[in-house]
Student: 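Input: one structure, supplied below.
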Amino acid sequence: MSWLPLSFGAPMVLWGLLALPVIWYLLRLTPPRPRTEVFPPLRILARVLRREETPHQSPWWLTLLRLLMAALVVTALAEPIFNPREKLPAEGSALALVVDNDWASAVDWGKRVATAERLIADAGSNGVPVVIAFTAEKPNAEIGPFDASAALDRLRAAKPRPIPTDRPAVYARVAATLERLPGASVAVLADGLAATGDEAAFKTLLEKNAARLVWVTSDRLSLTGLTGADNQVDGFTLTAIRAPGDPAPAQVTAGAFDDKGRRIADATLTFAPGQATATGTMKVPFELRNDFASIALDGEHQAGAVRVLDESSKRRRVGLLSQAEADQAQPLLSPLYYIRRALQPFADLVEPSSADLADAIPQLLDQKPAMIIMADVGTIPAQVRQRLVDWVNNGGTLVRFAGSRLAAAGNDDDLLPVRLRSGERALGGALSWTTPQPVTEFPKNGPFADLAPPTEVTVSRQVLAEPTPDIVERTWATLADGTPLVTGMKKDKGTLVLFHVTPEATWSNLPISGSFVEMLRRIVQLSRNQGAAVANAEAAAASLAPYRMIGADGALVPPTPDARPLVPAAGPLPVTLENPPGLYGSETGVFAHNLLNASSTFTPLARPQVSLPVTAIPYAFDESENLKGPLVTLALLLMVLDTLAVFWMGGLFSRRPRRAAATAAALLIVFGGLFGHADFARADDSKPGDAQAIEDISKTRIAYVITGEPGVDSISRAGLEGLTRFLIEKTALEPGPPAGVDISKDELTFYPLIYWPIDATAPMPSEAAIARIDAYMQQGGTVLFDTRDQFSNGIGAGSASPATERLRDILGNLNVPPLEPVPSDHVLTKSFFILPEFPGRFNGSPLWVEASLDASNTENRPVRTGDGVSPIMITGNDFAGAWAVDENGDPMLPTVPPDPMQRVYALRAGVNIMMYMLTGNYKSDQVHVPVLLERLGQ
């Protein structure tokens, strides 16, 4: 930016201001006074006649006005610029513009585009071609060189992507292009974040053909990201990061949202001075935490500040296993009875169908449980033991209860938290000196530390642990005599827990106490979900379709056309253009794929050390303003004032005041009469609904039938709005907004086409409503029936879908002409676009129309059936689903298969249908052209 607040594009024009004194003199100059001779007889006339006096000079204010007007014109021609900016270095053989358009650029994308526009504009003024590349686009995207206009078009069409940059690949492509343009200026518009391979990428870009480096970055890296959201015992623990070395403390607020977008919890995370990591906890009930669908940082409109959640952070799945057979007559003695009662309110319980451990354990592991509870299970079969050990090591929680089988099985270092003594210990009885022992305070190092000890609980039998140096660290609950009641330990990523008593009330009354429920609840909260259950290993390895994506601005959006199915795998998955961050799967189950993980950091990007001349500029909007337009406007305004002043001085506004007043009065009478007549007509002739009728016929509008199903009606309206937008863009037709009609009472003749989505769950129209539709079709209207069941049996199949059955019931009460699929030579195939088929959201169902007069004559099919239009059309391809767009113009529903061109063809089919409805068979009349030309020749 220049130090002067004003500059001029053509300063030499300002020399014209020197002509202002000359203009002043000319304005003030008057011709010399003529010499007069007095003739005596004319003295009497001189007294009677009024002399027309000419002023000696113009008034000073009028002269000043005209001088100011001339000065404004001269100054405007000099092209003044207020707050001018310095011209950027965009010279050489070319300008190579490399722009980071990843997620980190979404916050100030407008500034980045404005800065790039200035660089391209300066390159265009110098006649320099532009090479423009984006580091978060497809690797095969065209990068130029382009002229300035084409480069600006590509810049404005680009948008930030919710993925990291790929500088090595993009910089290599730009370097290869610059081999043909040596001596180019390279402008790097970076996001400020360092990434792997940056040093080699900059070396490839700058070491050979670059003559100058323009380095554009933000003043400071102010991003904040969310790297962790873990469902812990007492709440959701959040972890946020920022750039290291920031000396200022900071606080950020995070909000948790459910699957409907409602905010249901908050937490505050505080960054200490100089620290790059902050943590916080959302302390809300466990049941409410299960409703969390996403967590986002307030004020951070970028993908790194949002984390989506899947089943791994929600309600736990618990597998139950017991070797004892259940006694239906005595359920209270069942080993799993009290466990089921304790866990059912907050966990999903699964049990194997087989009693054989060799089959039961794999069945439970296939269900992907977060925790497995074994009630008095002794020796684990060798063929499944290693799989169970691996499950624990990978994060599973194994809870075991003692019993006679476990006491006799011996020690298992891989599946027990402590070593056990042989046999069991009996407390109280005829042959024992001891008495049943109560439970003491829970140890402070265990998960039960904040629970009150159950004073009413006593233990009469237990299995004893071998005294080892680490027995105290592994003890979670003890008896009054110091012997462990519950022991546990971490094993790799998993947890092993042992209750030294049975799960039924034979060795202790703990299972029938409230503390038993709280203890199991704590252990469940400590467990980790292992993912959604799958039927078999093949299904587990299957890819998951995109469901909801995280946009670059952090909003959850529908899947983009570039998104591809994701194959889940162990460990962090890469975030790419084909697999952007978001949720993958379906409504039955999703997999969370987030941008940042626990090991992510924000490292500022360092400027490469090169020997080239370097110009460093910040991102900023262009604050310069061209004053030529305002000055010209002001000069024109002064010219109008000058004209009015001349008229006033000439007495124009004071002449014939009576005639002016009479004219104004006449105008008032005329307008008053018109308005009075309009009011009178409205009072006498208007009817209720006339205003709506006038509005309906003022523009062509497409209508849809209101079925009463909110989901179906909303898609119908969004679909017709999308088709209306497409018609306005591609044709000369400008339809009005679509209208929803109730066929039982609304007037239908205002609409050339009515779209009727058939839904089996919607109420069946009455006979009167169907009669109104029949009359509408006979009077020239057309109804487009859409069963939206292309993947079900169509109208000609033996067994039909529910929608087709409903359509048959409706058509049974209408006068339906013979139908046929649209022939290849029908007007619908060429009314605007040339279309061989008419796909919608689905593809494959034909479009049925009224059959031609001679449908059996395939050699000479009559394509001219008069100027009439088929009164009925039937399809199953879901046209409205393909046309539907949201407020931003983005598609609402994916096509099946997910082909972007299928949506284009569906919109073109809608254009052809509308043109056919409005113009009839005019295209077919072109067969008469040779005959007409022959007659004209005669």
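On a predicted model such as this, the values are computed, not experimentally measured, just so you know.
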Student: Check S105 against P160 and note the closest heavy-atom contact, atom names and distance.
Tutor: OG-CB, 3.9 Å
Student: If you count every heavy atom of other residues, nucleotides or ligands that lies below 6.0 Å from E473 atom CD, does the total exceed 12?
Tutor: no
Student: Is it the case that the side chain of D108 and the backbone of K111 share a donor-acceptor pair, with hydrogens and angles ignored and the cut-off at 3.5 Å?
Tutor: no
Student: Just grab all the salt bridge (charged side-chain N to carboxylate O under 4.0 Å, His left out) pairs involving residues 172-194, residues at least two apart or on different chains.
Tutor: R167-D191
Student: Taking the side chain from H593 and the backbone from P574, do they hold a donor-acceptor pair closer than 3.5 Å?
Tutor: yes
Student: Is the shortest distance from a Lys or Arg side-chain nitrogen in D230 or R307 to a carboxylate oxygen in the other one below 4.0 Å?
Tutor: no
Student: Heavy-atom distance under 4.5 Å between the side chains of V252 and D298, does that happen here?
Tutor: no
Student: Report the C-alpha distance between R548 and Y584 in whole Å, list the side-chain angles of each, state the deciding distance to 0.1 Å, and finish with yes or no for side chain to side chain contact (heavy atoms under 4.5 Å, CB included).
Tutor: CA-CA 7 Å; R548 289 288 185 273; Y584 291 79; over 6 Å; no
Student: Between F257 and F292, is the ring centroid distance below 6.0 Å?
Tutor: no
Student: Might you work through the salt bridge (charged side-chain N to carboxylate O under 4.0 Å, His left out) test for D166 and R161, ending with a clear yes or no?
Tutor: CA-CA 12 Å; D166 187 6; R161 303 283 190 175; over 6 Å; no
Student: Please list all pairs meeting side-chain hydrogen bond (donor to acceptor under 3.5 Å, both in side chains) that have one or both residues in residues 148-158, counting only residues at least two apart or in different chains.
Tutor: E117-R156
Student: In Å and rounded to the nearest 0.5 Å, what is the CG to CG distance from L573 to N579?
Tutor: 8.0 Å
Student: Write down the atom of P164, the atom of A136, and the distance for their closest heavy-atom approach.
Tutor: O-CB, 4.2 Å
Student: Side-chain contact, heavy-atom cut-off 4.5 Å: P369 with W391?
Tutor: yes
Student: For the side chain of T895 and the backbone of D899, is there at least one donor-acceptor N/O pair under 3.5 Å apart?
Tutor: yes
Student: Taking the side chain as everything from C-beta on, heavy atoms only, tell me whether V567 gets closer than 4.5 Å to S543.
Tutor: yes
Student: I need the full list of side-chain hydrogen bond (donor to acceptor under 3.5 Å, both in side chains) pairs touching residues 274-285, with sequence neighbours left out, sorted by first then second residue.
Tutor: none
Student: Take a 6.0 Å sphere around CD of Q609 and say whether it holds more than 12 heavy atoms from other residues, nucleotides or ligands.
Tutor: no
Student: If you take all heavy atoms of V389 and D414, which pair is closest and at what distance?
Tutor: CG2-CB, 3.9 Å
Student: What distance separates R522 CZ from S527 OG, expressed to the nearest 0.5 Å?
Tutor: 13.5 Å
Student: Using side chain to side chain donor-acceptor pair (under 3.5 Å), reason through E137 and N101 one step at a time and then give a plain yes or no.
Tutor: CA-CA 8 Å; E137 295 291 343; N101 65 323; 2.9 Å; yes
Student: Could you check whether any side-chain heavy atom of L605 comes within less than 4.5 Å of a side-chain heavy atom of W215, counting everything from C-beta outward?
Tutor: yes
Student: Let me know which of L223, D553, D102 forms a side-chain contact (heavy atoms from CB on, under 4.5 Å) with Q302.
Tutor: L223
Student: Under a 4.0 Å N-O cut-off, is there an ion pair linking K138 with D562?
Tutor: yes
Student: To the closest 0.5 Å, what do you measure between OH (Y619) and CG (L189)?
Tutor: 4.0 Å
Student: Would you say the side chain of E587 lies within less than 4.5 Å of the side chain of Y547, judging by non-hydrogen atoms?
Tutor: yes
Student: Under 4.0 Å between a side-chain nitrogen and a carboxylate oxygen: does that hold for D259 and R262?
Tutor: no
Student: Return the CG to CD1 distance between L595 and I163, rounded to the nearest 0.5 Å.
Tutor: 9.5 Å
Student: Backbone N or O of G494 within a donor-acceptor pair of the D492 side chain at under 3.5 Å?
Tutor: no
Student: Quick one: does any side-chain atom of D890 pair with a main-chain N or O of V885 as donor and acceptor, under 3.5 Å?
Tutor: no
Student: Search all heavy atoms of P604 against all heavy atoms of A194 and return the closest pair with its distance.
Tutor: O-CB, 3.8 Å
Student: How far apart are the closest heavy atoms of A116 and L97, and which atoms are they?
Tutor: CB-CD2, 3.9 Å
Student: Please walk me through it: do L226 and T239 pass side chain to side chain contact (heavy atoms under 4.5 Å, CB included)?
Tutor: CA-CA 6 Å; L226 199 57; T239 304; over 6 Å; no
Student: Can you tell me if N597 uses its side chain to pair, donor with acceptor, with the backbone of S599 under 3.5 Å?
Tutor: yes
Student: Carefully, step by step, assess F236 and I295 under the rule side chain to side chain contact (heavy atoms under 4.5 Å, CB included).
Tutor: CA-CA 10 Å; F236 240 101; I295 298 177; 4.1 Å; yes
Student: Can you find a pair of side-chain heavy atoms, one from P898 and one from P546, that are under 4.5 Å apart?
Tutor: no
Student: In this structure, which one of T495, L526, L496 forms a side-chain contact (heavy atoms from CB on, under 4.5 Å) with K490?
Tutor: T495
Student: Please round to the nearest 0.5 Å and tell me the distance separating atom OG1 of T253 and atom CG of D266.
Tutor: 7.5 Å
Student: I'd like to check S294 versus L309 (side-chain heavy atoms, cut-off strictly below 4.5 Å). Are they in contact?
Tutor: no
Student: For residues R317 and K368, determine if any side-chain heavy atom of one lies less than 4.5 Å from a side-chain heavy atom of the other.
Tutor: yes
Student: What heavy-atom pair brings A276 and P244 nearest, and what distance separates the two atoms?
Tutor: CB-CA, 3.9 Å
Student: Return yes if some donor-acceptor pair links the side-chain N/O of N126 with the main-chain N/O of D122 below 3.5 Å, else return no.
Tutor: yes
Student: For the pair M282 and L238, evaluate side chain to side chain contact (heavy atoms under 4.5 Å, CB included) and give the outcome as yes or no after the intermediate values.
Tutor: CA-CA 8 Å; M282 290 182 175; L238 308 179; 3.7 Å; yes
Student: Determine whether a donor-acceptor pair (N or O, by modelled atom type, separation under 3.5 Å) exists between the side chain of R112 and the backbone of A190.
Tutor: yes
Student: Under 6.0 Å from the NZ atom of K491, do we count more than 12 heavy atoms belonging to anything else shown?
Tutor: yes
Student: Mind checking the CD1-OG spacing from I241 to S600? Nearest 0.5 Å is all I need.
Tutor: 5.5 Å
Student: Just by distance, no angles: are the side chains of D100 and T135 close enough, under 3.5 Å, to form a donor-acceptor pair?
Tutor: yes
